[in-house]
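First up is the structure itself, then whatever we jot down about it.
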Amino acid sequence: MVSSFSAPFTVSSGWSACRRGAARLAAVSLATGLVVAGAIVTAGTAAADEETVQSPGGATATIGGLKTYGTAVLRTDGEEQQLPAGLFEMFVDGGGTLQTYCVDVQNPTQKDATYQETPWSGTSLGHNKNAGKINWILQNSYPQVNDLAALAGKAGAKGLTEQDAAAGTQVAIWRYSDGADVTALDPEAEKLADYLEKSARNLSEPAASLTLDPPAVAGRAGERLGPVTVRTNADGVTVTPPSDAAAAGVQVVDADGKAVTSARDGSELYFEVPEDVEDGSAELAVEASTTVPVGRAFASETRSQTQILAGSSASTVSATATATWATAGAIPALSAEKNCAEGGLDLTVANPGDEPFTFELMGIDYGIEAGETRTVTIPLQEDQAYDFTIKGADGLAKQFRGVLDCRTETEADAAGESVQTLSEPSPATVGGTPVTDSAGDLAETGSSGATPLIGGVAIALVVIGGAVMIVLRKREQQDQ
C-alpha cells in the first residue's frame with residue numbers, strides 16, 4: 001500500500017561561476033571543495049532502484065559549436081569587447097541537426113553540452129516581454145530567409161554574405177534577449193541588425209515538437225489509468241509500452257482498450273493495469289521524426305548558454321509518461337517543471353487515492369488530500385543546482401534534478417546579484433545561495449551526484465569557500 005512519505009533532499013554542488021579574465025575561480029572552487037549543504041531528512045521506506053528525471057519532452061541535442069558567424073562588438077561599463085556572433089550547430093540524439101542562435105550574450109557555451117527542448121517559461125525568455133519579437137526575428141531572417149539579396153534589400157544593405165546575415169541576426173536577438181549594447185562589426189550586418197530590431201513584432205511561443213500531457217498519472221490496480229494526451233507536430237509517433245511491467249500484463253491502450261503501438265497529435269493513451277498486479281509504477285515512451293518548430297528554446301543543465309532554434313532538419317523527438325498504481329491508500333502522480341516567473345520548480349502532485357498524501361521538503365510539510373491535485377512551487381536561487389528524490393512505500397522513488405537558469409548575466413548584474421556567497425539552507429530556499437564571481441561569466445559547470453552532506457563539514461567548506469570568494473573579489477578590485 002502506498003501511503004505517506006518523507007523526502008530525503010540533497011542539493012549538489014557541481015556548478016562554479018567564472019567570468020571573463022577570471023578563470024582561476026574554477027580552480028579555487030575545486031581546491032576548496034565548495035558545496036551547498038542540503039537538508040538530511042529521514043526516509044520512511046527504502047528507496048527503489050528505479051529513479052526518473054523530469055523532462056518536458058521534445059528534442060535532445062549536443063552542441064557542436066559556431067557554424068556560420070561574424071563579429072560583434074559588446075559594450076559594457078564603458079569597455080568594448082569583440083566576440084563571435086552567429087549560428088550554432090547542434091546534433092540531435094537519434095538523428096538530425098539544428099541551427100540555433102543564443103541568448104545571454106555574456107554566458108559562454110560549454111563544449112559538448114547536452115541541451116533539451118524547453119518551454120520559454122523554463123528559461124530567461126519566460127519573463128522577457130520581448131521574447132515574441134525574438135521569434136519574429138527568427139522567422140524573418142537568416143536561415144529561414146535564405147534569399148540574401150532580398151534580405152539585404154529590406155535592410156538597406158549593399159549585400160549580405162551568410163556570415164553577415166548570421167551576425168546581424170544574432171546582434172538583433174541579443175538586443176532583445178539581454179538589452180545589450182551590441183553592434184555588428186561589419187556595416188552591412190549592422191544594417192540588418194537595425195532593420196530586424198525596428199521591424200520586430202511580438203509572435204506567440206511555438207508549440208513543442210512532442211510532449212505528453214500530463215507526464216504522470218496514477219490510480220488503482222485493475223483500472224485504466226489516464227488519459228495521457230499526445231501533443232506533437234509530427235505526422236505520427238511510435239509508442240513503446242512499459243518494458244519492466246510487460247511481464248505483469250500492464251499495457252498501453254486507447255479509450256476502447258485496444259493495444260496501441262502508434263499514435264498522432266491528440267491521441268489519448270491509457271495504462272491498463274491488471275487487478276492482480278503488485279503495487280508499482282511503469283513508463284511509456286513515444287518517439288517521432290519531425291522538424292522542431294523555429295523559436296523553441298533549448299536549455300542545458302550544465303549552465304551553458306541558452307539557445308533558441310533558427311532551423312531544423314528532420315530530427316528525432318521523444319517524450320515519456322509514468323503511471324503509479326496501488327490497491328489502496330495514497331497514490332501519487334508526480335511531475336515537475338521549471339517556473340522562471342516564480343523563481344523555482346513547480347512540483348505537481350495528483351492523488352487519486354483514498355488517503356491523504358503527505359511529504360516533507362526542507363522542513364516544510366505538504367499534504368495532498370485524496371482526490372486532490374496541487375502544484376507546489378519550490379523556491380530556488382538563480383544558477384542553483386537541485387537534486388532531490390521523493391521516496392515512498394513499496395519502493396516508490398522519483399528524482400528531480402537540474403539547474404535553475406532563469407536570468408541572463410546582464411539581468412543578474414543589473415539586479416546587483418554579481419557578488420554572492422553560499423549560505424546554509426533554509427525552508428524558504430531549497431539549498432544554498434549560489435556563488436557568482438562579479439568579474440564576468442560562467443566558464444565551467446557540471447553537476448555532481450546528489451549526496452547527503454554532514455552538517456559540520458559542509459558548513460566549514462561553505463565558510464572557507466565564501467571567504468576565498470570575497471578575498472578574490474577584493475584582489476581583483478585592487479588590481480583594477
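Keep in mind that the numbers below use all heavy atoms, side chains included, and drop hydrogens, waters and symmetry copies.
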So how far is it from [X] [atom1] to [Y] [atom2], rounded to the nearest 0.5 Å?
{"X": "F298", "Y": "T100", "atom1": "CZ", "atom2": "OG1", "answer": "8.5 Å"}
{"X": "Q170", "Y": "L83", "atom1": "CD", "atom2": "CG", "answer": "8.5 Å"}
{"X": "Y115", "Y": "T62", "atom1": "OH", "atom2": "OG1", "answer": "10.5 Å"}
{"X": "D178", "Y": "T408", "atom1": "CG", "atom2": "OG1", "answer": "4.5 Å"}
{"X": "T109", "Y": "I63", "atom1": "OG1", "atom2": "CD1", "answer": "4.5 Å"}
{"X": "T169", "Y": "Y142", "atom1": "OG1", "atom2": "OH", "answer": "9.0 Å"}

Beyond-backbone contact of [X] with [Y], side-chain heavy atoms, under 4.5 angstrom:
{"X": "P215", "Y": "S335", "value": "yes"}
{"X": "T240", "Y": "E287", "value": "no"}
{"X": "T261", "Y": "T238", "value": "no"}
{"X": "T123", "Y": "D405", "value": "no"}
{"X": "L138", "Y": "Y101", "value": "yes"}
{"X": "D164", "Y": "L192", "value": "no"}
{"X": "D383", "Y": "R303", "value": "yes"}
{"X": "V105", "Y": "L74", "value": "yes"}

Should [X] and [Y] count as an ion pair when the cut-off is N to O under 4.0 Å?
{"X": "E205", "Y": "R296", "result": "yes"}
{"X": "R407", "Y": "E382", "result": "no"}
{"X": "E268", "Y": "R231", "result": "no"}
{"X": "E190", "Y": "R175", "result": "yes"}

Is Y195 atom OH crowded by more than 12 heavy atoms from other residues, nucleotides or ligands, each under 6.0 Å away?
-> yes
So does R374 have more than 12 non-hydrogen atoms from other groups sitting under 6.0 Å from CZ?
-> yes
Apply the test side chain to side chain donor-acceptor pair (under 3.5 Å) to residues N135 and Q139: give CA-CA distance (whole Å), side-chain angles for both, the deciding distance (0.1 Å), then the verdict.
-> CA-CA 6 Å; N135 192 14; Q139 304 288 347; 3.2 Å; yes
Please name the pair of heavy atoms, one in [X] and one in [Y], separated by the smallest distance, quoted to 0.1 Å.
{"X": "T320", "Y": "A285", "result": "CG2-CB, 4.1 Å"}
{"X": "C340", "Y": "G122", "result": "SG-C, 3.5 Å"}
{"X": "S199", "Y": "W136", "result": "CB-CH2, 3.5 Å"}
{"X": "P242", "Y": "V252", "result": "CD-CG2, 3.6 Å"}
{"X": "A321", "Y": "V228", "result": "CB-CG1, 3.9 Å"}
{"X": "T232", "Y": "A234", "result": "OG1-N, 3.0 Å"}

Does [Y] offer a backbone N or O that forms a donor-acceptor pair with the side chain of [X] under 3.5 Å?
{"X": "E342", "Y": "T377", "result": "no"}
{"X": "Y176", "Y": "E197", "result": "yes"}
{"X": "S304", "Y": "Q110", "result": "yes"}
{"X": "N128", "Y": "N130", "result": "yes"}
{"X": "S312", "Y": "V292", "result": "yes"}
{"X": "T316", "Y": "G94", "result": "yes"}
{"X": "E188", "Y": "K158", "result": "yes"}
{"X": "K133", "Y": "K198", "result": "no"}
{"X": "S313", "Y": "T97", "result": "yes"}

Trace of the side chain to side chain donor-acceptor pair (under 3.5 Å) decision for T71 with Q82 | CA-CA 7 Å; T71 302; Q82 290 191 10; 5.2 Å; no
Would F88 and Q99 satisfy side-chain contact (heavy atoms from CB on, under 4.5 Å), going step by step from the backbone distance to the final call?
-> CA-CA 6 Å; F88 286 85; Q99 292 175 299; over 6 Å; no
Determine, stepwise, if the pair V103 / I173 fulfils side-chain contact (heavy atoms from CB on, under 4.5 Å).
-> CA-CA 7 Å; V103 299; I173 289 172; 4.2 Å; yes
Can you check side-chain contact (heavy atoms from CB on, under 4.5 Å) on S141 and L151, steps first, answer last?
-> CA-CA 7 Å; S141 190; L151 189 60; 3.9 Å; yes
I would like to know whether F271 and V217 meet side-chain contact (heavy atoms from CB on, under 4.5 Å); could you show each step before the answer?
-> CA-CA 9 Å; F271 292 83; V217 295; 4.0 Å; yes
Going through the distances and angles, do E117 and S209 end up as a side chain to side chain donor-acceptor pair (under 3.5 Å)?
-> CA-CA 8 Å; E117 185 180 340; S209 61; 2.6 Å; yes
Please say which of D346, N339, T348 ends up in a side chain to side chain donor-acceptor pair (under 3.5 Å) with T375.
->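 Exactly one option meets the side chain to side chain donor-acceptor pair (under 3.5 Å) with T375, and it is T348.
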Please determine which of V317, V286, D265, T290 meets the side-chain contact (heavy atoms from CB on, under 4.5 Å) test together with V237.
-> V286
